[in-house]
Amino acid sequence: MKVFGWAVVVAGVLLQYALIAYYPLPVPRALWLGFPAAVLGMVVGLALSWLGYGLLFFGGLGKRAAELDEEAAAMAREAAQHRDMP
Amino acid sequence: MSPLVFTFVVLVLYLGGLELMGLVALKRGKETTGDYFLSGRSVGLIALTGTTMASLLSTGTVVSNPPNFYKTGTAYFWVIFFGWTLSMVLIFGLRFWKLSNRYGYITPGQLIGDLYGSRRVQVIFGLVGLACVVPYSTAQLVAIGKVFVGLSQGSISYEWGVVIAGVAMFVFLFAGARAVIWTDVVQGFLFTLLLAVAAWMVVGWCGGWEPLVENLMAKKPEITDYSEVAAWPVIEKTFAIPALFVLPYMLQRMFMASSARDLVKMTLVTPPLYISIIVSCWVIGTGALTLYPEGLDRPDQLLGKLFADHAPYVGALILVAAFSAGISTVDSQLLTAASLVTKDVRRHKEGDTEALEFRLGRFTSLGILVVVTVVALFLQQYNIIDLVLLGIFLSASFLPAIVCTFFWRRCSEAAVFYSVLAGAAGYAVRAWVPGSQNWIAGAGLITWAGGAAILAMVAVSLARPCEDPDPRRFEGI
């Protein structure tokens, strides 16, 4: 899931780069939902990256972040105990 | 009540509310540097999102983006790339959070310097950080002054605009990061909302969504694509995405988070907000093409003209939005600048107490505020974009040092020091040596700064590799 998440994030970046760097290949001068295709293409690229973040979060990064929080809390408790010692 | 009086009333009420928040934050603050600069590392998800968005966006977002879409069209949509900035949280943000939380670092320079046990690395991070942040914040004050002139139709002078902004920030900087963050949250969400409202109103003035886009496609189809931006000078600006993230005041947002989970969640929350802001600006800018098809004498004052012509009372709210966007960036930058002076640049003496450092930090941030306010008073005629770019593009000097610290074992203390120094020197050469723009075809400031930093990093790391790297550099997340 981690690899897949990063792959989706990178795909979003590449889509946005492709839209700018390799115009006019993928972007017809047309409308999608009333927006010029170029505008919507960029939004779709960023939205794709957003999906990638979601996959990363639910694919283990959220759990790892929770573990980091636990480690930090444990260290804070330990430090407080040392402070309380006579 | 005339629109001008209404504008004053709205501004006074708004500023009064913000100052009150600042005073409440002051009462809740503790007199420590951790509390003053980082709000006690206790910033939760909503506040973290608000302050990061407010720091990421600036007066230019509200004031310059719609005119740029008006002049350039969809080609200017490359700015949406900045929505990627916070993806850096997943690679570096969590590492910075973990180390700063564990060892109590206040500035990025302290963190990197300590990983190499090097005072000079800390100092170079502090000095280059100041060179990034101080001109950038001055540019924001200049932009605020111009906003007052444009949106009050000249009733409020440039000088008064700058002074009002300076005075408004005095309380926030006296109170510290908690006041800055609380007001950032209000201001960040406020200008996001007001931009959306402004876009919705512009669509209405054009007769609806369909007439707006039909007019665009019929009269200006050439500005609905990217045909004019497929060139290196524009594409290289996308490297500003990671460079923006490593600006010291952005990195300090990572230190402030109350938990790692909030940091990760923030990367999920911010892209939709960012998309909505840029799309709002596009709608305002391209909608104005229907309303002013012959062009404007001063397109930079598009927002002022739009609202003066169609809804003068709402113009007061847009002024507040632009003011909010500027203030919320400047106060964060000035607080960070003070922390760089206090923690990185200043040499600590034996016997320095926490109380002394706190007082020094507060005095320094207020001192820098006074200096940048006075300097901004004399810069009305200058193009502020140069100062803004100085901030963002110069920070590319930090990138190889930060990346290689965590991912390349050979990266040594000398490599980090000379890499940042070479990046700053590369920037200076490209910016100030006549004819340097022709030395490497098409390469702009960020390519020079980043390129010089990379070359120095590789050369010095190969010549003098790190023999005993600090294991904390490679702990991962």
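In what follows, every chain begins at residue 1, and chains take the letters A, B, ... in the order their sequences are listed.
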In the structure I gave you, are the side-chain heavy atoms of B/L94 and A/L61 within less than 4.5 Å of one another anywhere?
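Touching, per the 4.5 Å side-chain cut-off.
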
Min side-chain heavy-atom separation B/L90-A/W6 under 4.5 Å
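Side-chain contact under 4.5 Å: yes.
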
Using non-hydrogen atoms and a 4.5 Å limit, figure out which bit of B/L216 sits close to chain A: side chain, backbone, both or neither.
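The side chain, not the backbone.
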
Taking side chain as everything from C-beta outward and backbone as N, CA, C, O, which of these in B/T270 sits under 4.5 Å from a heavy atom of chain A? Side chain, backbone, both or neither.
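Neither the backbone nor the side chain of B/T270 comes within 4.5 Å of chain A.
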
For residues [X] and [Y], report the shortest heavy-atom separation together with the two atoms involved.
X: A/A65; Y: B/V264; value: CB-CG2, 4.0 Å
X: B/A260; Y: A/L68; value: CB-CB, 4.0 Å
X: A/L46; Y: B/Y274; value: CD2-CD2, 4.4 Å

Count the heavy atoms belonging to other residues, nucleotides or ligands that lie under 6.0 Å from [atom1] of [X], then report whether that count exceeds 12.
X: B/Y103; atom1: OH; value: yes
X: A/E71; atom1: CD; value: yes
X: B/K71; atom1: NZ; value: yes
X: A/F4; atom1: CZ; value: no
X: A/E70; atom1: CD; value: no

Nearest 0.5 Å, what's the CZ-CZ distance between B/R261 and A/F57?
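Separation between the atoms: 4.5 Å.
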
Working to the nearest 0.5 Å, report the span between NZ of B/K98 and CG of A/D69.
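One finds 12.5 Å between NZ of B/K98 and CG of A/D69.
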
Can you tell which of [options] has the highest number of heavy-atom pairs within less than 4.5 Å of chain A?
options: B/L268, B/D262, B/I80, B/T74; answer: B/L268
options: B/G83, B/S258, B/S259; answer: B/S259
options: B/L263, B/I275, B/L212; answer: B/I275

Given that the side chain runs from C-beta out, which part of A/E67 has a heavy atom under 4.5 Å from chain B: side chain, backbone, both or neither?
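Neither; nothing under 4.5 Å.
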
